[in-house]
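Working notes, structure below.
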There are 2 protein chains.
Amino acid sequence: MTDAKARQQDTLFVTSLEKGMRILEAFSEDKTELGLGDLVKVTGLEKSAAQRYANTLYELGYLEKNSETRRFSPSVKYLEMAYSYLWADYLAQLAMPRLIDLSRQTSQTINMAEPIGTDIIYVVRMPNHRTNFGASAIGRRVPALVASSGRVILSRQSDQAIRDAVSNWPTRQYTQRTTMDRGAILDNILVAREKGYCTTQGQVLPDEVNVAAPICSIEGIPVGAIHCSLPSIRWTIERAEAEIAPLVVEAAQSIVPSR
Amino acid sequence: MTDAKARQQDTLFVTSLEKGMRILEAFSEDKTELGLGDLVKVTGLEKSAAQRYANTLYELGYLEKNSETRRFSPSVKYLEMAYSYLWADYLAQLAMPRLIDLSRQTSQTINMAEPIGTDIIYVVRMPNHRTNFGASAIGRRVPALVASSGRVILSRQSDQAIRDAVSNWPTRQYTQRTTMDRGAILDNILVAREKGYCTTQGQVLPDEVNVAAPICSIEGIPVGAIHCSLPSIRWTIERAEAEIAPLVVEAAQSIVPSR
DNA sequence: CACCTTGTATTATATTATAATACAGCGTAC
DNA sequence: GTACGCTGTATTATAATATAATACAAGGTG
């Protein structure tokens with residue numbers, strides 16, 4: 001029995017709600033404005049279902065509607081949800097003051113990421129140089145194997161977990177320089193384990209050098225990472241290791257979530 | 001006929017989805033972890049309904065469940081929604097590079113806010129000094145009459161609109177110094193209209209001086225504001241006007257959304 | 001130990017979501 | 001200039017699905 005089938009027979013699972021969430025989720029980086037037909041394509045719902053659910057979300061204020069094009073787009077309610085989340089995220093609250101300090105100390109772009117399945121997600125972003133918009137927006141997911149934050153979080157896992165992840169987790173080619181060679185990724189992770197931080201170059205964005213250090217719970221379990229982005233025009237990996245890495249590591253180590 | 005009644009008879013309005021959204025919205029600044037009973041209280045749903053909808057959202061990955069306390073809390077999916085929103089927000093994308101520059105120039109906390117009904121909502125936050133956590137989280141709503149950003153946006157509206165807002169819009173006492181005198185608020189807005197920026201002190205947080213300037217569309221309609229927060233230990237309003245206001249105004253004026 | 005409050009699971013019932021379909025409005029092309 | 005295809009919108013009878021009640025289990029507290 002498939003998941004979907006199992007759910008249909010579960011009286012505690014409300015399929016109508018699922019369909020509504022499909023509409024909410026239809027919008028993304030490259031789908032910012034969708035008409036009814038687009039929603040049908042993206043969600044796989046029937047036309048009449050898409051109509052009713054989109055209309056409901058519109059009436060509830062989750063979707064805006066361009067009165068000329070009749071297309072929907074996410075409303076600011078999407079942002080309010082982030083606010084609710086952040087208050088529930090103990091790590092974000094604990095880390096925030098240290099991240100602010102680090103941002104001031106380095107005058108560079110500072111991020112905090114948390115692991116989520118095979119990805120990491122950026123929870124705090126403090127841009128300090130102009131960059132791609134997506135790189136300064138909260139809530140972005142990137143495969144853990146690609147991001148320095150993801151790799152440094154993995155570096156604190158068991159050998160077994162690392163090898164499993166490096167073999168099986170997805171990657172994605174963001175730039176020409178994104179490493180698709182899993183052997184090289186493994187090496188990078190193992191070096192990170194030795195050094196206590198991970199450095200990468202041009203993995204997600206071209207022309208960026210990254211330094212990431214893990215945030216670990218009192219039991220030593222990696223629960224997040226701090227990550228500093230540097231423009232590679234002015235920074236080499238060597239210079240980043242010398243000048244930035246110690247600060248990032250220190251900041252990350254000063255954050256020890258106990259719950 | 002009430003709204004609720006009207007909706008029930010509207011076949012295009014899916015009440016099940018509404019109930020689900022009630023659960024999603026139950027979590028907030030001070031309600032970060034809710035058990036089933038709490039959800040019933042907050043949402044007004046029946047116990048069995050709360051059960052089914054919360055369970056559905058849990059299965060869909062929107063809610064986490066603490067396996068000891070059995071309480072729900074928002075998952076990181078709440079954050080992903082913010083990411084989708086930001087890509088749909090033309091103003092945020094347009095403003096981001098200028099905000100980064102301004103943050104570097106001033107080395108102070110920079111925010112961008114947008115009006116939403118009688119509130120403003122913070123869309124971009126770039127903290128540069130330690131502060132209250134809520135003040136560095138995206139998605140926060142504050143009554144427009146209280147926030148310097150809200151007032152400066154109002155200052156670009158018609159006399160009629162200003163007077164209407166000052167008389168009728170809600171306010172809230174965040175600090176001991178929050179101005180509850182609507183006459184004083186009106187004066188502050190009218191001064192802002194003259195000067196082109198709005199200064200406030202201790203309205204939302206104690207010990208903060210704020211300077212805000214409006215972002216206007218090509219037609220002159222205020223669509224947002226840039227706002228700089230300064231610790232009042234080191235900043236007076238006078239110094240902020242002299243050193244910070246020109247930079248904030250310049251940044252805001254350099255952003256001219258054309259759609 | 002008794003009680004109360006919490007979350008969980010089940011069921012028959014009818015409320016509510018459904019899919020089909022018809023309609024209207026608009027732009028395009030022939 | 002008219003016909004066509006493409007949008008989004010509105011209405012219905014039907015049955016599928018959400019429902020509320022209720023019973024049960026599991027902790028916690030007096």
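Just so you know, these numbers use all the heavy atoms, side chains as well, and skip hydrogens, waters and symmetry mates. Quick note on labels: first sequence line is chain A, next is B, and so on, each numbered from 1.
When the nucleotides C:dA9, C:dA17, C:dA19 are ranked by their closest atom to the side chain of A:E46, C:dA19 comes out on top. In this structure, the nucleotide among D:dA18, C:dT8, C:dA17 sitting nearest to the side chain of A:R52 is C:dA17. Set against D:dT12, C:dA17, D:dA18, the side chain of B:K19 has D:dA18 as its closest nucleotide. Side-chain proximity of A:A49 to C:dA19, C:dT8, C:dT11: nearest is C:dA19.
The two residues A:L205 and A:T175 have their closest heavy-atom pair at C-CG2, 3.5 Å.
In this structure, A:K19 is not positioned above the aromatic face of A:Y53 in the sense of NZ or CZ being under 6.0 Å from the six-membered ring centre and within 45° of the axis.
Put simply, OH on B:Y53 is 3 Å from P on D:dT19, counting in whole angstrom units.
Between C:dG7 and B:Y58, no contact under 4.0 Å exists linking OP1 or OP2 to a side-chain N or O. OP1 or OP2 of C:dT16 has not a single side-chain nitrogen or oxygen of B:T15 nearer than 4.0 Å.
A donor and an acceptor atom, one from each side chain of B:T32 and B:D30, are nowhere located under 3.5 Å apart. Checking B:Q203 against B:R151 by side-chain atom types alone, a donor-acceptor pair falls below 3.5 Å. With 3.5 Å as the limit, one finds no donor-acceptor pair spanning the side chains of B:E80 and A:Y78.
Backbone-only engagement by B:S16 is indicated by non-hydrogen atom pairs under 4.0 Å involving sugar-phosphate atoms exclusively. Within the 4.0 angstrom heavy-atom criterion, no nucleotide atom of any strand lies near A:F72.
The stretch residues 33-41 of chain A has no heavy atom under 4.0 Å from DNA chain C, so no residue of it qualifies as close.
The nearest heavy atom of DNA chain D to A:V14 and to A:R70 marks one nucleotide each, and the one closer to the 5' end goes with A:R70.
Taking the six-membered ring where the residue is Trp, B:H227 and B:Y122 present tilted rings, their angle falling between 30° and 60°.
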